[in-house]
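Written below as structure tokens is the structure these notes are about.
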Amino acid sequence: MTAQLPADDQGSATTVSRRLVLADIAHQYTVAPVENAPVCIVELTPEQGDGVRVVEYLRQEDTVARSVAVLDAAGRAQTPEPPAGPTAAWGRTGLDEGFADYLRTALAALGHPAAAALKDAALAPLAPVMLLRTHEGPEQSRTEVLMCTRVRAVGVLFTRVARFDHRADVELGTLVATAFERRTELENFVRVEDKTQLLYEKDIEIEEKITLLDEANIWSLTQGMWAAVEAGELPGFIPDPGYELTRWHFVQHNFEVTAPADRVGHFAFQEYPDGRYRLKMKKFAKDSLRRVETFRNGIEVPESDFEGYLAREFPDLSFRPLPSLRRTKFDINIQSVTTGHGFGIETDEVTLSDGTGRVMRQVETEYLDTRHHDGMDGSTIDAELGRLTTLVEAHLAGLGISAKRGLYSKLSFLRDSARTADS
């Protein structure tokens, strides 16, 4: 999936060639290699402009082969006849069946060893190990090396691990060999599933809020926003494949921390289905883009005595109770293709449990994490978050929904509701 970028992210060059490298999984993981397994370079649809990519997401339809090359034993590229018609190279869980049939015929025509007795056994270990993005120049070109970092039935995700300059007329086999040599520095950050991301600011929540001023069904809003992301209508952002949508529900009991001044904020007990609680602790003196946020998970509060728990655990703090609430939240998880930052577009509906039935609906845009990649830069978080919020605002405006962008927190909503109830 290619996400279109804003005009100011385009450069002077006009074309980026994209090549998907299908090879033995042993090129990326320490498993025994399969003898004679081919290395296939699949030419994909080129990209107009010169946009760089930190991540790229390919669905099955994005892997249609314009041409195919196969490396021989000496690493030279051989070019068989291309597929007769549009043929995707990669399916949901392996080589597309039509492409596999084509590849067997092509290997036989080239006299490749894999076409002999091994046949299917030689094709079985093939994986989408690498994506090469070559920014073409008249004499000098630059190639971005993106290694496969996630394989899901919905698509394959690649992350940039290196870039290098080379002659424009470099041999394809040499280009692939150099890319394999340059991939190693960040190799483990792309092939170990739970080490692919980092958090730049530990225990800090970074988010903007759009408060809806009109009645709205948040599930319908979420579906529409999700469809917009999937369709590429939020330039430069792609869904997080395999984790595109998550759904949450909380019963939450709230307390404001009123003293000392350097510890003020909001404590919330969120009920687990098993009767335990997660205690969410936020420290902030006023609504702001950044707030300290920490958690205690799986705690037990006998007889739901929250005030007793707080008195025992935090004797140096002063609290006042605020109304409890029910919160439903639907999150769309996305990534920026140019910065590698992950964000959530989180639509929630909060209903007070104090008998008033007051409701607040918001769409929050929140920084989640950053994918390890060549060229990481934490200083771009705020600007990219702001750009995302502007796109979400525009989407809501297009639906005719009145909304107010800002930093209005759940704590401010609870305070305002409490004041209204007391007046």
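- Here Phe180 and His27 bring their ring centres to under 6.0 angstrom of each other.
- You'll find the side chain of Leu385 stays beyond 4.5 Å of the side chain of Asp382, heavy atoms only.
- Of the possible polar contacts, none joining the Glu181 side chain to the Ala179 backbone as a donor-acceptor pair under 3.5 Å is found.
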In sequence, state the C-alpha distance, the side-chain angles, and the governing distance for Arg278 and Glu271, and then conclude on salt bridge (Lys or Arg N to Asp or Glu O under 4.0 Å). CA-CA 7 Å; Arg278 178 174 79 157; Glu271 292 184 11; over 6 Å; no
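- Here the side chains of Leu44 and Arg19 are not in contact, with every heavy-atom distance at 4.5 Å or above.
- Summarising the local packing, CH2 of Trp219 is surrounded by more than 12 heavy atoms from other residues, nucleotides or ligands at distances under 6.0 Å.
- Counting only distance, with no hydrogens or angles, the side chain of His373 and the backbone of Arg371 share a donor-acceptor pair below 3.5 Å.
- Looking at Lys329 and Glu349, no side-chain N of the basic residue comes within less than 4.0 Å of a carboxylate O on the acidic one, giving no salt bridge.
- Between Leu414 and Pro323, the shortest heavy-atom distance links the atoms CD2-O, 3.6 Å.
- By the 4.0 Å N-to-carboxylate-O rule, Arg361 lies too far from Asp348 to be salt-bridged with it.
- By the 6.0 Å contact criterion, CZ on Arg142 is enclosed, its count of non-hydrogen atoms from other residues, nucleotides or ligands being greater than 12.
- No hydrogens or angles considered: a donor-acceptor pair under 3.5 Å links the side chains of Glu136 and Ser17.
- Residue Asp24 comes nearest to Val129 through the heavy atom pair O-CG1, 4.1 Å, listed as atom of the first residue, atom of the second, then distance.
- Side chain of Arg327 to main chain of Val251: no donor-acceptor pair is present (N/O by atom type, distance under 3.5 Å, no hydrogens or angles).
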Are Phe269 and Tyr309 close enough, and set up right, to give a ring-ring contact (aromatic ring centres under 6.0 Å, His included), and what steps lead you there?
CA-CA 11 Å; Phe269 293 86; Tyr309 179 91; 5.7 Å; yes
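- With hydrogens and angles disregarded, no donor-acceptor distance shorter than 3.5 Å links the side chain of Thr389 to the backbone of Arg387.
- Using a cutoff of 4.0 Å between basic side-chain nitrogens and carboxylate oxygens, Arg405 and Glu208 are scored as salt-bridged.
- Relative orientation of the Phe306 and His253 rings is parallel, given thresholds of 30° and 60° on the angle between their planes.
- Here the side chain of Ser220 pairs no donor or acceptor atom with the backbone of Ala216 at under 3.5 angstrom.
- Counting heavy atoms from C-beta outward, Phe99 and Val42 have side chains that approach closer than 4.5 Å.
- The two residues Leu71 and His112 have their closest heavy-atom pair at O-NE2, 3.8 Å.
- Under a cut-off of 6.0 angstrom, the local environment of CD in Glu300 is sparse, with at most 12 non-hydrogen atoms contributed by other residues, nucleotides or ligands.
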Next on the checklist: Between Leu245 and Asp331, does the side chain to side chain contact (heavy atoms under 4.5 Å, CB included) criterion hold? Intermediate values first, please.
Outcome noted: CA-CA 6 Å; Leu245 176 70; Asp331 295 355; 5.9 Å; no
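- Salt bridge Arg76/Glu171: absent, no basic N to carboxylate O contact under 4.0 Å.
- Contact detail for Phe413 and Val359: the closest heavy-atom pair is CZ-C, 4.1 Å.
- With hydrogens and angles disregarded, no donor-acceptor distance shorter than 3.5 Å links the side chain of Asn254 to the backbone of Leu322.
- Although no hydrogens or angles enter the test, the distance criterion places a donor-acceptor pair under 3.5 Å between the side chain of Asn333 and the main chain of Tyr243.
- Checking side-chain atoms of Asp96 against main-chain N and O of Gly91 turns up no donor-acceptor pair under 3.5 Å.
- Across every non-hydrogen atom of Glu193 and Thr196, the tightest pair is O-OG1, 3.4 Å.
- Considering only heavy atoms from C-beta on, His395 comes within 4.5 Å of Met225 through its side chain.
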Derivation of the side chain to side chain contact (heavy atoms under 4.5 Å, CB included) call for Ile238 and Ile334 = CA-CA 5 Å; Ile238 60 171; Ile334 63 174; over 6 Å; no
Practice item. Could you walk me through whether Glu364 and Lys209 pass salt bridge (Lys or Arg N to Asp or Glu O under 4.0 Å), step by step? Key: CA-CA 4 Å; Glu364 301 174 343; Lys209 298 172 183 288; 2.8 Å; yes
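- A side-chain donor-acceptor contact under 3.5 Å links Thr390 to the backbone of Gly386.
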### Message
As a quick check of understanding, evaluate side chain to side chain donor-acceptor pair (under 3.5 Å) for Tyr408 and Asp416, giving each step before the final call.
### Response
CA-CA 11 Å; Tyr408 189 65; Asp416 292 345; 2.6 Å; yes
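- Val68 is not listed as a side-chain neighbour of Thr79, based on a closest heavy-atom distance of 4.5 Å or more.
- Remark: Lys282 engages Glu293 in a salt bridge, criterion side-chain N to carboxylate O under 4.0 Å.
- The shortest side-chain heavy-atom distance between Thr339 and Asp377 does not fall under the 4.5 Å cut-off.
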Legend entry - Verdict with reasoning, His341 to Thr370, per side chain to side chain donor-acceptor pair (under 3.5 Å): CA-CA 4 Å; His341 302 316; Thr370 300; 2.8 Å; yes
Hey, mind stepping through Glu144 and Arg53 against salt bridge (Lys or Arg N to Asp or Glu O under 4.0 Å) and telling me if it holds? CA-CA 8 Å; Glu144 298 178 282; Arg53 293 286 185 277; over 6 Å; no
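- Shown here is Glu81, whose CD atom has no more than 12 heavy atoms of other residues, nucleotides or ligands within 6.0 Å.
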Check: Should Asp287 and Ser412 be marked as a side chain to side chain donor-acceptor pair (under 3.5 Å) after you check the CA-CA gap, both sets of side-chain angles, and the distance that decides it?
Finding: CA-CA 8 Å; Asp287 292 347; Ser412 289; 2.7 Å; yes
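- Salt bridge absent: Arg290 and Glu205 never bring a charged side-chain N and a carboxylate O closer than 4.0 Å.
- Under the 30°/60° scheme for interplanar angles, the aromatic rings of Phe319 and Phe267 are found to be tilted.
- Contact of the Leu103 side chain with the Cys40 side chain is registered, since non-hydrogen atoms from C-beta on lie closer than 4.5 Å.
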If you apply the rule side chain to side chain contact (heavy atoms under 4.5 Å, CB included), what do you find for Leu317 with Val257, and how did you get there?
CA-CA 7 Å; Leu317 303 184; Val257 183; 4.3 Å; yes
Working for side chain to side chain donor-acceptor pair (under 3.5 Å), residues Thr365 and Glu207: CA-CA 5 Å; Thr365 52; Glu207 68 178 20; over 6 Å; no
**OP:** Tell me, with the steps shown, if Leu199 and Tyr367 meet side chain to side chain contact (heavy atoms under 4.5 Å, CB included).
**Re:** CA-CA 9 Å; Leu199 191 62; Tyr367 166 73; 3.8 Å; yes
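- For the pair Arg182 and Phe164, the cation-pi test (distance below 6.0 Å, angle within 45°) is failed.
- With respect to Glu43 and Arg18, no salt bridge is recorded, no charged nitrogen being found less than 4.0 Å from a carboxylate O.
- Looking at every heavy atom in both residues, Pro86 comes nearest to Val64 through CA-CG1, 4.0 Å.
- Residues passing the side-chain contact (heavy atoms from CB on, under 4.5 Å) test with Lys283, sequence neighbours excluded: Arg263, Val292.
- More than 12 non-hydrogen atoms from other residues, nucleotides or ligands lie less than 6.0 angstrom from CD of Glu201.
- Under the 3.5 Å distance criterion, the side-chain polar atoms of Thr159 are left unmatched by any main-chain donor or acceptor of Thr149.
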